[in-house]
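Sending over a structure as structure tokens; questions will come in a sec.
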Amino acid sequence: QVQLVESGGGSVQAGGSLRLSCAASGLTLSSYAMGWFRQAPGNERQFVAYIRKIAGVTRYADSVKGRFTISRDNAKNTVYLQMNSLKSEDTAIYYCAAGGWAEVRSSVYNYWGQGTQVTVSS
């Protein structure tokens, strides 16, 4: 049974940092592209970042570029999202996802975590 479990969310003031983790079980992380998405109340799920399974190539949404960093530790079967210089508009539930290839479209990912809440106060 595949499980993705996010952790590390919480409440932080604007300008602060958080590091989200996504621990995978039931699959070998190195065989999957991994993505982070977020969803704020009343909004659609939005692409944040992805990391390819080969060469660790990454891509970011324009809104987080230069502030967020996605990384993976295949030995720990875990992917991370380091979030710096947080803004109130980053407030959302953050989800990690695993799929066969890296895409900004959420529909191509096969497995999803349950999400972790990030709240940024100004």
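Residue indices begin at 1 and follow the sequence shown.
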I'd like to check the side chain to side chain contact (heavy atoms under 4.5 Å, CB included) partners of Gln114; sequence neighbours left out, ordered by chain and number. Val5, Glu6

For residues 14-122, pull every pair meeting disulfide (SG to SG under 2.5 Å), keeping only residues two or more places apart or in separate chains.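 Checked against disulfide (SG to SG under 2.5 Å) - neighbours excluded - the pairs reaching residues 14-122 are Cys22-Cys96.
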
Write down the atom of Leu4, the atom of Ala24, and the distance for their closest heavy-atom approach. CD2-CB, 3.6 Å

Please list, chain by chain and in numerical order, all residues satisfying salt bridge (Lys or Arg N to Asp or Glu O under 4.0 Å) with Glu103, sequence neighbours excluded. Arg105

Per the salt bridge (charged side-chain N to carboxylate O under 4.0 Å, His left out) rule, what does the pair list look like for residues 38-49, sequence neighbours excluded?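 Matches after skipping sequence neighbours: Arg38-Asp90.
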
Residue pairs involving residues 33-76 (criterion disulfide (SG to SG under 2.5 Å); sequence neighbours excluded):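 Output for this query is empty, none listed.
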
Summary of salt bridge (charged side-chain N to carboxylate O under 4.0 Å, His left out) pairs that have at least one residue in residues 109-122, sequence neighbours excluded: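 Not a single pair qualifies under salt bridge (charged side-chain N to carboxylate O under 4.0 Å, His left out).
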
Residue list, side-chain hydrogen bond (donor to acceptor under 3.5 Å, both in side chains) with Gln3, at least two apart or on another chain: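 Scan of Gln3 (side-chain hydrogen bond (donor to acceptor under 3.5 Å, both in side chains), adjacent residues dropped) gives none.
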
Nearest heavy atoms of Val48 and Phe68, plus distance in Å: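 Shortest heavy-atom separation between Val48 and Phe68 comes out as CG1-CD2, 3.8 Å.
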
Using the test ring-ring contact (aromatic ring centres under 6.0 Å, His included), find all partners of Tyr94 that sit at least two apart in sequence or belong to another chain.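 Testing Tyr94 for ring-ring contact (aromatic ring centres under 6.0 Å, His included), a comparison that skips the adjacent residues, returns none.
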
Taking all non-hydrogen atoms of both residues into account, name the closest pair between Ala98 and Leu27 and its distance. CB-CD2, 4.3 Å

Ser121: which residues meet the side chain to side chain contact (heavy atoms under 4.5 Å, CB included) condition with it, sequence neighbours left out? Gln13

Evaluation steps, side chain to side chain contact (heavy atoms under 4.5 Å, CB included), between Ile51 and Trp36: CA-CA 9 Å; Ile51 184 165; Trp36 283 97; over 6 Å; no

Verify the neighbour count for atom CZ of Arg67: are there more than 12 heavy atoms of other residues, nucleotides or ligands below 6.0 Å?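 More than 12 within 6.0 Å, yes.
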
Between Phe47 and Phe37, which heavy-atom pair has the shortest distance, and what is it? CA-CD2, 3.4 Å

Side-chain (Lys87) to main-chain (Val120) donor-acceptor, under 3.5 angstrom: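 No, Lys87 side chain to Val120 backbone: no donor-acceptor pair under 3.5 Å.
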
If you take all heavy atoms of Ser17 and Asn84, which pair is closest and at what distance?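 For Ser17 and Asn84, the tightest heavy-atom pair comes out as OG-OD1, 2.9 Å.
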
Quick one: side chain to side chain contact (heavy atoms under 4.5 Å, CB included) partners of Ser71, sequence neighbours excluded? Tyr80

Just to verify, what does Asp62 make a side-chain hydrogen bond (donor to acceptor under 3.5 Å, both in side chains) with, not counting sequence neighbours?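 Applying side-chain hydrogen bond (donor to acceptor under 3.5 Å, both in side chains) to Asp62 gives Lys65.
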
Going by side chain to side chain contact (heavy atoms under 4.5 Å, CB included), name the residues that satisfy it together with Asn74, two or more places apart in sequence or in a different chain. Leu29, Ser30, Arg72

Determine the minimum heavy-atom distance between Ala102 and Ala33, stating which atoms define it.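 Of all heavy-atom pairs spanning Ala102 and Ala33, the closest is N-CB, 3.4 Å.
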
